[in-house]
Amino acid sequence: MTMAYLAQPEQQQKLEWLDGGTFSVLLDTHATEGQLTVGRFDVSKGEAPPFHLHTREDEVFLLLKGTALVWAGEEEHELREGGIAYLPRNIPHSYRITSDRADLLMIATPGGIEGMFRHAGRDLNTRRPDGFEIPKSLLKQASELYGGVIVGPPR
């Protein structure tokens, strides 16, 4: 890497994501020369992505606040505040938030997965269309474009 990258909160892209939650792009593939993506979810109880896998990235989730159930393959685990999960590529996984709110840090390597969030999510700097939601078809399309495979419904 030839230069460090610094971004204040107001410089980080914030996207509306599943179930009205948000995903902030803290570091993207451009800032890290493709090495990694770092993002942060602010989500509410019940938020759960489809059961899926990534063919390109390994993921790490650090639960900063809240509680969640995490599935890796067919194994179910409870993740508490401060808990961390490593999810290697090609392993189906998902989570469901079980606390009222959760603050979840995601690190993916190599970088690039933020493109999926940008493709399906809505930048909070744009006007919100009435009744906005992310249709399953758009989530599936975004996932496939960035090497993801949806293997089942949310758990």
Side-chain angles (χ1 to χ4, degrees), residues 9 12-29 32 34-124 126 128-155:
Q12 299 161 6
Q13 185 181 28
K14 196 171 199 177
L15 304 166
E16 183 173 352
W17 192 237
L18 301 176
D19 302 318
T22 60
F23 178 75
S24 297
V25 180
L26 307 180
L27 290 171
D28 65 12
T29 192
T32 66
Q35 297 299 305
L36 67 131
T37 296
V38 179
R40 190 169 181 175
F41 294 92
D42 178 11
V43 291
S44 59
K45 187 172 191 167
E47 195 270 344
F51 197 54
H52 65 281
L53 62 87
H54 305 281
T55 61
R56 300 177 187 168
E57 305 89 12
D58 300 317
E59 270 185 310
V60 173
F61 285 114
L62 173 61
L63 192 57
L64 301 171
K65 290 185 182 175
T67 58
L69 292 175
V70 176
W71 290 270
E74 293 305 313
E75 295 180 17
E76 178 183 314
H77 303 276
E78 183 177 340
L79 195 62
R80 297 185 319 271
E81 193 166 305
I84 192 165
Y86 169 65
L87 302 163
R89 71 190 74 191
N90 297 315
I91 301 293
H93 61 275
S94 189
Y95 63 84
R96 178 173 297 281
I97 302 304
T98 56
S99 55
D100 288 338
R101 296 225 46 91
D103 184 359
L104 184 66
L105 188 71
M106 179 208 73
I107 302 168
T109 183
I113 197 170
E114 72 279 1
M116 180 197 68
F117 293 99
R118 287 173 170 154
H119 185 86
R122 182 188 67 83
D123 191 310
L124 291 182
T126 64
R128 187 178 199 274
D130 291 337
F132 174 82
E133 66 178 49
I134 299 170
K136 289 178 184 172
S137 59
L138 181 59
L139 184 58
K140 183 178 186 300
Q141 177 188 55
S143 181
E144 290 172 353
L145 283 171
Y146 291 91
V149 178
I150 294 175
V151 296
R155 296 202 162 185

- request: Please step through side chain to side chain contact (heavy atoms under 4.5 Å, CB included) for the pair L145 and M116, ending with a clear verdict.
  value: CA-CA 7 Å; L145 283 171; M116 180 197 68; over 6 Å; no
- request: In sequence, state the C-alpha distance, the side-chain angles, and the governing distance for E59 and M106, and then conclude on side chain to side chain contact (heavy atoms under 4.5 Å, CB included).
  value: CA-CA 7 Å; E59 270 185 310; M106 179 208 73; 3.4 Å; yes
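The shortest distance between side-chain heavy atoms of Y86 and I84 does not fall below 4.5 Å. Using a 4.5 Å heavy-atom cutoff, the side chains of Q12 and V25 are not in contact. Within the 4.5 Å cutoff, the side chain of Q141 has heavy atoms near those of the H119 side chain. Residues V43 and L18 fail the side-chain proximity criterion, which asks for heavy atoms closer than 4.5 Å. Proximity of Y146 to F117: side-chain heavy atoms (C-beta onward) are nowhere separated by under 4.5 Å. For the pair V38/L105, a side-chain contact is recorded, criterion being any heavy-atom separation below 4.5 Å from C-beta on. Annotation: side chain of I97 is in contact with side chain of E47 (closest heavy-atom distance under 4.5 Å). Contact check for L27 versus T32: side-chain heavy atoms found under the 4.5 Å cut-off.
When every heavy atom of G147 is checked against every heavy atom of T55, the shortest pair comes out as O-OG1, 2.6 Å. In terms of heavy atoms, A108 sits closest to I113 at CB-CG2, 3.8 Å. The minimum heavy-atom distance linking E57 with P110 is given by the pair CG-O, 3.4 Å. Residue G73 comes nearest to I91 through the heavy atom pair N-CG2, 3.8 Å, listed as atom of the first residue, atom of the second, then distance. Residues L63 and A102 share a closest heavy-atom pair of CD1-CB, 4.2 Å. Closest non-hydrogen pair, D19 versus A48, comes out as OD2-N, 3.8 Å.
Within a 6.0 Å sphere centred on CZ of R80, other residues, nucleotides and ligands contribute 12 heavy atoms or fewer.
S94 places no side-chain N or O within donor-acceptor distance of the main-chain N or O of R155, the cut-off being under 3.5 Å. For D58 (side chain) and R89 (main-chain N/O), a donor-acceptor pair under 3.5 Å exists by modelled atom type. Listed for the T109 side chain is a donor-acceptor partner under 3.5 Å among the backbone atoms of Q35. Listed for the S24 side chain is no donor-acceptor partner under 3.5 Å among the backbone atoms of L26. Although no hydrogens or angles enter the test, the distance criterion places a donor-acceptor pair under 3.5 Å between the side chain of S99 and the main chain of T67.
Considering only residues two or more places apart in sequence or on other chains, R96 meets the side-chain hydrogen bond (donor to acceptor under 3.5 Å, both in side chains) condition with none of them. Legend: residues meeting side-chain hydrogen bond (donor to acceptor under 3.5 Å, both in side chains) with T37, ordered by chain and number and at least two apart, are E114.
Considering CG of L15 and OG1 of T22, their distance stands at 8.5 Å, rounded to 0.5 Å. One distance of note links CG of D42 with NZ of K65; it measures 9.5 Å at 0.5 Å rounding. One distance of note links NE2 of H77 with CH2 of W71; it measures 11.0 Å at 0.5 Å rounding. In this structure, CD on E16 lies 10.0 Å from CD on E133, to the nearest 0.5 angstrom. A distance of 5.5 Å separates CG in L104 from CZ in F61, rounded to the nearest 0.5 Å. The CZ atom of R40 sits 11.5 Å away from the CD1 atom of I107 when rounded to the nearest 0.5 Å.
Ring to ring, F51 and Y95 are not that close: their centroids are 6.0 angstrom or more apart.
Salt-bridge formation is not detected for the pair D123/K14: no Lys NZ or Arg NE/NH1/NH2 atom is positioned less than 4.0 Å from an Asp or Glu carboxylate oxygen.
With hydrogens and angles left out, the side-chain atoms of R118 and Q13 include a donor and acceptor closer than 3.5 Å.
With F132 as the aromatic partner, R122 meets the cation-pi criteria of under 6.0 angstrom to the ring centre and within 45 degrees of the ring axis.
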